[in-house]
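The block underneath contains the structure these notes are about, expressed in structure tokens.
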There are 2 protein chains.
Amino acid sequence: MNIGKAAAASGVSAKMIRYYESIGLIPAARRTDAGYRAYTEEDVHVLRFIRRARDLGFSVEGITGLLALWHDKGRASADVKRIALEHVATLERKIRELQGMVDTLKALASHCHGDHRPDCPILADLDGPTGPGPQRTGPRQRGIGPV
Amino acid sequence: MNIGKAAAASGVSAKMIRYYESIGLIPAARRTDAGYRAYTEEDVHVLRFIRRARDLGFSVEGITGLLALWHDKGRASADVKRIALEHVATLERKIRELQGMVDTLKALASHCHGDHRPDCPILADLDGPTGPGPQRTGPRQRGIGPV
DNA sequence: GTTGACCTTCCCATCCTGTCAAGGTTTACA
DNA sequence: TGTAAACCTTGACAGGATGGGAAGGTCAAC
């Protein structure tokens, strides 16, 4: 099976399959005489596994660990569960960060007339919180980047 | 004021100040004879504004819009409010995606013994959901990337 | 005058994904 | 058989926001 077929069958783009191969997440595929990568159903199976894990927000590094356990038929389920729950904790931390932003923005917006007048507590707060107004959630922390 | 001072006073790293200048988010700073960038209190004020907006998860693009409104003393507060609420919607969409992952993972983990035995419904699901088991949240969608 | 802290520019890396280009291969069809 | 379309290959570049480091110039304190 060529890479295009494998991509369609697994839901992982051809580009990403090559990328995963280049970083060693998956072994280098067998090549045809013409140099085309050739995939088996089993390879597609692995790619689907990777795709599902990505959908659950696992990083490539996390997937590396999951794949190792997946291939290790004698693994302890505790190891898998630990990785999953650690990931849950990471996701929940991120959710709390985002929720803090949402809360702050909503509080600011609720005090904004939202009409033609220029006065706006949202800008006033960004300007430098001097008055009472809605408080920021928790201690100053690095942003989590653009969303 | 040198860039280091401005960075410390605003909470934006020197590295990022130069970057913001390079992409045009802030105007190029005046230079001393030696070529050092020189900042005023007003510049620091702007940088603090940017820093606060970043903490609220605004992208550089979003901040560009906010800065324009901030500088426009005749702006309508409705414009600011709209940007803020659009951003809230974006954040909430992201939160829902992450929460869906958390729900799925928790459901899978709750069915995992988490002991020395190799059987693990988490891997079984990633393997290819064949049985009933916890359902994925909503239609198949692109992952949101590593977290 | 020396030393250390600061500044400059430029390059590289991250992380995952997409796009484009230039060229070779396979397949389908007239 | 010829040709066109669809596929494959590698490589490069992009993005978004940030950090790190190297090589070299400048300033301030002692």
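We name chains A, B, ... by the order of the sequence lines, and we start the count at 1 in each one.
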Exercise. Please check the phosphate of D:dT9 (OP1 and OP2 only) for any side-chain N or O of A:Arg37 closer than 4.0 Å.
Key: yes
Quiz item: Rounded to the nearest Å, what distance is computed from the CD1 atom of residue B:Ile23 to the C1' atom of nucleotide D:dA14?
Solution: 15 Å
Self-check item: Whichever of A:Tyr36 and B:Glu61 has its nearest DNA chain D nucleotide further upstream toward 5'
Solution: A:Tyr36
Quiz prompt | A:Thr32 vs C:dT25: side-chain N/O to OP1/OP2 distance below 4.0 Å | solution = no
Quiz item: So which nucleotide from C:dC7, C:dG18, D:dC8 ends up closest to the side chain of B:Ile3?
Solution: C:dC7
Exercise. Return the value, rounded to whole Å, for the distance between atom CD of A:Glu21 and atom P of C:dC16.
Key: 17 Å
Exercise. Examine C:dC7: is either OP1 or OP2 under 4.0 Å from a nitrogen or oxygen in the side chain of B:Tyr39? Give yes or no.
Key: no
Quiz prompt | Main-chain N/O of A:Cys120 paired to A:His113 side chain as donor or acceptor, under 3.5 Å | solution = no
Quiz prompt | Closest to side chain of A:Asn2, choosing from C:dT9, D:dT26, D:dC8 | solution = D:dC8
Quiz item: Can you tell me how far C1' of C:dC6 sits from NZ of B:Lys15, to the nearest Å?
Solution: 15 Å
Practice problem: Send over the distance from B:Phe58 CZ to D:dG16 P, rounded to a whole Å. | Solution: 17 Å
Quiz item: C:dT17 C1' sits how many Å from A:Arg54 CZ, rounded?
Solution: 10 Å
Quiz item: Are B:Arg117 and B:Asp119 close enough for a salt bridge, meaning some N to O gap below 4.0 Å?
Solution: no
Practice problem: Describe, in one word, how the ring planes of A:Phe49 and A:Trp70 are oriented to each other, choosing from parallel (under 30°), tilted (30 to 60°) and perpendicular (over 60°). | Solution: parallel
Exercise. Run the numbers on B:Arg82 and B:Glu86 for salt bridge (charged side-chain N to carboxylate O under 4.0 Å, His left out), then give the verdict.
Key: CA-CA 6 Å; B:Arg82 182 181 46 74; B:Glu86 281 174 6; 3.3 Å; yes
Practice problem: Could you check how far CE of B:Met1 sits from P of C:dC6, rounded to whole Å? | Solution: 15 Å
Quiz item: A:Leu56 has an atom CG; how far is it from atom P of C:dC16, in whole Å?
Solution: 15 Å
Quiz item: When you check the phosphate oxygens OP1 and OP2 of D:dA17, does a side-chain N or O of B:Arg51 lie under 4.0 Å from one of them?
Solution: no
Practice problem: Would you indicate what B:Arg18 reaches in the nucleic acid, counting non-hydrogen atoms under 4.0 angstrom: base, sugar-phosphate, or nothing? | Solution: base
Practice problem: Take atom CG of A:Leu47 and atom P of C:dT17, then tell me their distance rounded to the nearest Å. | Solution: 13 Å
Self-check item: Criterion side-chain hydrogen bond (donor to acceptor under 3.5 Å, both in side chains) against A:Asp127, the qualifying member of B:His45, B:Arg52, B:Arg48
Solution: B:His45
Practice problem: Name the residue closer to the 5' end of DNA chain C, choosing between B:Lys5 and A:Ala34 according to the nucleotide with the nearest heavy atom. | Solution: B:Lys5
Practice problem: Establish whether the base of D:dG19 is bridged to the side chain of B:Tyr19 by a donor-acceptor pair shorter than 3.5 Å. | Solution: no
